[in-house]
Each structure stands twice: as structure tokens, then as C-alpha cells.
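Quick notes on the structure that follows.
Proteins get letters first, then strands, A, B, ... in listed order; numbering begins at 1 in each.
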Amino acid sequence: MKHTISIIVENRFGAFDRIATMFSGKGFNIQSISIGETEVKDLSRMTIVTSGDEVIIQQIIKQLNRLIDTIKVVDLTESDRTERELMLISLNYQKGSLEEIKNICDIFRGNIVDINNRSVMIEITGPPAKMDAAVNVFAQYGIKEVARSGTVALKRGEQIKLPVKNQV
Amino acid sequence: MKKSGSKLSGAAIFFESLKQENVEVIFGIPGGATIKIYEELYDIDFLTHILAKHEQGATHMAEGYARSTGKVGVALVTSGPGATNTVTGIANAYMDSSPIVVFTGQVPTALIGNDAFQEADIVGITRPITKHNFLVRDVKDLAETIKKAFFIASTGRPGPVVVDLPKDVIADTHTFDYSGKVEIRGYKPNYSGHKNQIKKAANAIQKAKRPLLYVGGGVIMSDAAKELTELARKNNIPVTMTLQGLGAFPGNDKLSLGMLGMHGMFWANMAVNNCDVLVALGARFDDRVTGDIDSFASKAYKIHVDIDPTAIEKNVLVDLPIVGDVKHIMSELSEEIKEVPDRTKWLKQIEGWRKQCPLTYKTDDGILRTAYVIEKISEKTKGNAVVISDVGQHQMWIAQFFKFTQPRTHLSSGGLGTMGFGLPAAIGVSMGIKDKPIISISGDGGFQMNIQELITAVAYKRPIKIFIINNSFLGMVRQWQELFHEEKYSFTDLSEANPDFVRVGKALGIPSYAASSMEEADKYIDKALEMTDGPVLVEFRVLKEDMVFPMVPSGASISDMMIKRHNPIRMV
Ligand SMILES: Cc1ncc(C[n+]2csc(CCOP(=O)(O)OP(=O)(O)O)c2C)c(N)n1
């Protein structure tokens, strides 16, 4: 089963590598990974989408907790959460197909962010499944390139508390 | 100490920090990247520096010192090849959870990543084999980082920590302050254990008709031998130990079943198979212990106590996990358990197994065997010695035939199984342990993997009994070849390739002897034990084709134990 794990980690040299090394060393898979700053200056949030049975997921969480640089590890899978992904997709278009592409783009609430006389770049955000659907539909026009951010997620309502003393 | 104003050089801060950590000995080899540290060391007298011959040796020495004393072991090496040479030693300490701190020199920060001369990304290389590691980028962080390194290495589940020291950081200056409390927000080991879980465990143990304590190295690391002995004796519970657990409980106690697992005692494995409550204490259900996981203690309610949450349910699903320090938890268990049911029937049953398949070896043919040598050393020292083994058949015979009675007296490379561990580890032990004979026992193969450290033993007059069990084979591999690989003795016969060990010893000025019979073995063990002034070497020329039994073939259920050569019998 797919699990979305949210990790608060020291924003420090090597911290990301430590987590990636742990995943590859233990043979755990990573479907997507994203990392970025948080509301606290020296902490990053990493969101990892992985899969495995209950025993493996428990091991992943324990192994993540065991790393010195991780502050907090939460499996969001069981909670009410919001998951988002950002995708940039670049397509070829022919005369006549641009209108169609624009319509589909609207259906996905995407934006055209770049265009020239042969190709168009679209930006779409939303739940990861929506990205898959968009890629599927746009495939007929000839996809040149896709860049996806990986999933970011937050628990809804009550949020994961960060250590107060570090708040800026 | 060289001062510039009130500031110290990084090198001086380095030693001031070690002083604060009460470091009395470091093991290392200098080089370009650490030359400033060694310049500082020239005038330092609060610690001893042992110059190793190879950085792998230095790391094993640090580990030997750490495991025998319970203190943190320290190694100091240069960048590049100096650092990469420590990798096996670090991995060994990681697998056996030994607290060591390895300081590696590094090229100046400005050159990092440039493939500079003698640059190696040791922090990257050692990431999966350290508990944690640091690259110090600024001298102002140096003291705090060292403090954190010692703290991380020695607390929770211990392990190796690498601190990488760029040359410019060492040369730079800063004020020295070691007063701060270590505060690492992502690292808070839990020692106490969940109260309710402990109650439940006490209840289960109290009710058990056929309980068994399965003890690992964690009990020794947390200095909990006393608590274990109390728990076992007060409640009449038999104790079986892993390779790393040997010494946690007196091997001559009637409740001791000795080692379990692949080369464990028949009765210990039978007890595992038949117990109704299994209490794993600071052990990790390693595959060399469990064999086929599904049939391991399949009838038992399993309780697992460990300080490392990741050790729990990594290999075996348990009924009752308790995360915490075994020392605390065992003493609470002892307090909680009020009544002791009659367990004579269970203990009798185990005695029956003991008689059914006793641990024996042949003596009537007059041929010298390893088991005899080990048994004699055990008798002659009354178990009052520190024994450091290498890896292979002799390692298993030591575990089977030496009666360990005290914690921290048996050192062995259990997790990584590193041939070449023994001799340098014994040198490390000799720097911390002064009141017991120190006995290094290696196979003829493994002995040659760090044979260069013989020179270190001589140079520092280390009072080590260097015993070589020479069967002219890479014995353990030969055993597998005979049993499972069609007797194709591919590259395991050393009879043409071995040096004359006595002449090697003599060339270095070590009193060296060879024993080929039981009488000679007796004589030279006695002689070696009498000598206290520097190293002594005895080569025991033992039966070449001897094999270690019992044996559970890799991956088989422990009930498929082979008891004798060509005569596997199935246990019931
Ligand atoms: C560094 C290293 N290389 C290879 C091995 C594989 N290995 C395990 S036991 C063994 C044979 C050991 O022979 P010896 O040191 O003579 O000891 P014996 O088994 O004969 O007691 C070998 C080669 C190992 N454990 N470690």
C-alpha cells in the first residue's frame, strides 16, 4: 500500500543524503520525494511517498526516526490530509490543435506558461492522480517533456507541532 | 598549548576536547592533513598515542579498548587513504554497536570536491556504516561537534561516529568552550521503558512454565550483567546467549545454556524450540541465531526488550515489545515478579537434552584439536581473562568451550565477521585492561589479515598472549565446502601458503613456540600465561579437517541441527 510520510529534518549539509542512503541501503522504495523549507528557518520538510506492507512501513518510520537529523516523522496515510503536486508539461502542437489543448488545460485548471510556434508549456497543480490523468490526456498531442515536483502533503486541521524554541 | 590571545588553534581545541572527555589513549597514524594535530600532540602528555601500522588496525584497536572498558575508543587518521583504510573497522563497530569516534583528516575546505591530493569523501562513504558523522566546516563548531560525537557514540544504542577535520579548520583559531550541554533535538534515546508493557511482561514471565532468557550484546553494553543474574536466579529461568552476549551471565552457572544458534548448544536450541515465553534482552534475532525465522521459538510468547526501536520487529514479529534500556527494565521486571512457579520440570527437561547430545570432542587418538586448546585455556585461567577471537571455526569453538563468567571478557567480530579483527582489538584491550591476562586467539588465515600489528604489539610491549590456531586451512570455508559444496576445496588450503609463524614471531623478537600435541599445548599455555612482559606467541598445530558441530545449515530451521559429521540427525 502507498504511504505518504512527512519528515521534519534539520536543514543541514548531508541530511537529505542520509535519508536517501537509508532508503537505498535498506532496500525501501521511494515513489516520490520532495523537500523544501518550512516556517522554521533551519528546518526542512521532506515528503516521501513509498509503499510496502505494514511491517515495512513501521521499519521505515523507525529507521527515519533513528537518524539523528530527523526531528519528527509522521505517516500521513491514516490522517485527513491534503496532497498536492506541481507539474510542468511541454507539448507539441499543430495548427488547429492549440484550441483543443487550451480547453483541456482549462478542464485541469492549468495555465499556459510558455508558448512558441511549435510547442506549449502548461503548469498544473493538484492531487498526484490528477497529474497522471493530465499526462494521459495530453499524450495524444505528443509530450515533449514532463517535470513533476513530487508530492507535498500536510495534515489538515491540527498540524504537526514544531519545537517552539526554534520558531522565528 | 599554543595560544593566540585567548584563542586556541583547532588542533589545541581538539586535544582540550579529548581531555574533557577523559580520553586516555588514541590509536592512529599521522599524515599531511593531520600534521598540525600531531604537531600539537608532540607536547601533550595527558594521553597516550599508539602508532598503528594500518588504519584498519587503529580502528579495531579503538573498538577493542571500547568494548573491554565500556569507554569510548578513539582513532585518529589522515585524509584520503588513511580515512578509507578505516572503513572496515568502522563497519565492524557499527554492526556490533561499539562506541568509537574516528577522527579523519580532510583537505582544506576550499579544496573539498576538487579531487585534491589525498581527498576522499569519507563522510559520504561512511554514512551507511556510522551512527552519525560530521564534517566540521568552521573552527567555531569544533568543540561542540566533538562533544556531540562522544555523546552520540556512547548513548542509546552505541555506535561509531566519524568526525572529518579539514586542514584549515585545524589551523584556524577560536576560543575554547566545552561547558555547553549537548542538545540534539532529533536524538533523545528512551531509557525507561513503558510501565504497562513492563507489567505485562512481568505477568507473562511469572505465569510461564517454560520461560527462557535470550540474551544479546545489549546486556553487556548497558552493564546489566548483575540485573540479568538476579532476574534469572531469582526466578529460576534458564539463560541462553548470543555470541555477543557471552559473559553477560556466568557460563558455569547451572542456569546457563551457553550459546544458541547456528553453532549453538543442542540443548539451548531445543529450549528455544520448546519454551512458552521467550524474553529477548538486548538481542536482535540475527539470522545466525534464528535460522529459519518462521520456526524460531514458534510456540513461545515473545517479549523483546531493546533500546533501539528499529531492532524490534525487524526480523521477527513479537507479542510484546519494550523499548528501553535492558538494565532499567530487568531490574523493574525483577521487582514486579512476585511469585516463582515450580520450574524443576522444565529445567529437568533441558538437563535431559544436555545429556542426550553433550558437547564433546575426541582426545583418545592423541591428535591436538582446537576444542582441547580452548578448554585448557579456560581451565587454566578459570575464565578470568579477556579473550579476543578472530573469525572462523576457532571463533565458534571459543564460544562453545570457553566458560565466560564476566561481561566484557569476550570480544569477537559478530555482526560483520571481520577476519583480522582479533589481534589489533587485543592491542586496544591491553591499553585499558590491566588486571587480567589478554588472550588473542586467531585462525592462521585471519591472523595474516592484520599481521602487521604484531609489530605494534612489540613496539609498545603489549602483554598479549598471541595464540594462533593453525589448521592450515581457511577452516570455516573448508567446512562449508565439505558439507555443502561437494568437497571442492577451492582456495582454502593454506598448507603451501602459510608462513612459519614461529619464525615470524622470532624475527620480531617475540618469544614464540609451536605446540603439536596436547602435552605441548599444556606446556606452552602455561608458559604464555606466566609471561607478563610483552607479547608471547604460540602456534597450535591442530587437526586440519576438524569441524565445528552442532551446526544448523544456513537458513534451515534450528531443529535441523547437524550433530556430527556425515551424520545429520533430525531433532524432534
Ligand atoms: C575479511 C574477511 N574475508 C573473508 C571472510 C570469509 N571467511 C569467513 S571464515 C573464513 C576462514 C577463516 O580461516 P582461519 O582464519 O584460518 O580460521 P578457521 O576457520 O580455520 O578457524 C573466511 C575466509 C571473512 N569473514 N572476513
In terms of heavy-atom pairs under 4.5 Å with chain A, which of Lys314(B), Arg157(B), Lys131(B) leads?
Lys314(B)
Should Glu313(B) and Gln59(A) count as side-chain neighbours, where that means a heavy-atom distance under 4.5 Å?
no
Would you mind reporting whether Leu43(A) and Arg185(B) have side-chain heavy atoms less than 4.5 Å apart?
yes
Most contact-rich option vs chain B, by heavy-atom pairs under 4.5 angstrom, among Met22(A), Lys26(A), Glu10(A), is Glu10(A)
Which atoms of Ile312(B) come close to chain A, meaning under 4.5 Å heavy atom to heavy atom: side chain ones, backbone ones, both, or neither?
both
From CD1 (Ile68(A)) to CD1 (Ile152(B)), nearest 0.5 Å
4.0 Å
Assess whether atom CG of Asp115(B) is packed by more than 12 heavy atoms of other residues, nucleotides or ligands within 6.0 Å.
no
Supply the atom-to-atom distance Gln58(A) CD to Leu317(B) CG, rounded to the nearest 0.5 angstrom.
11.0 Å
Distance col, row Arg12(A):CZ vs Phe134(B):CZ, nearest 0.5 angstrom, shows 7.0 Å
Return yes when atom NZ of Lys200(B) has more than 12 non-hydrogen atoms of other residues, nucleotides or ligands closer than 6.0 Å, and no otherwise.
no
Does atom CD (Glu144(B)) have a neighbourhood of more than 12 heavy atoms from anything else shown, all under 6.0 Å?
no
For chain B, which of Leu67(A), Thr70(A), Val9(A), Asp17(A) has the most heavy-atom pairs under 4.5 Å?
Asp17(A)
Correct closest heavy-atom pair for Ile71(A) and Gly186(B) would be CD1-N, 3.9 Å
Should we say atom CD of Glu37(A) is surrounded by more than 12 heavy atoms from elsewhere, each under 6.0 Å from it?
no
Partner of Lys62(A) under side chain to side chain contact (heavy atoms under 4.5 Å, CB included), picked from Val323(B), Asp308(B), Thr310(B), is Thr310(B)
CG-NE2 distance between Asp69(A) and His132(B), expressed to the nearest 0.5 angstrom:
4.5 Å
Greater than 12 external heavy atoms within 6.0 Å of Lys147(B)'s NZ
yes
Pairwise side-chain contact, Asn133(B) with Arg18(A), heavy-atom cut-off 4.5 Å (strictly under):
yes
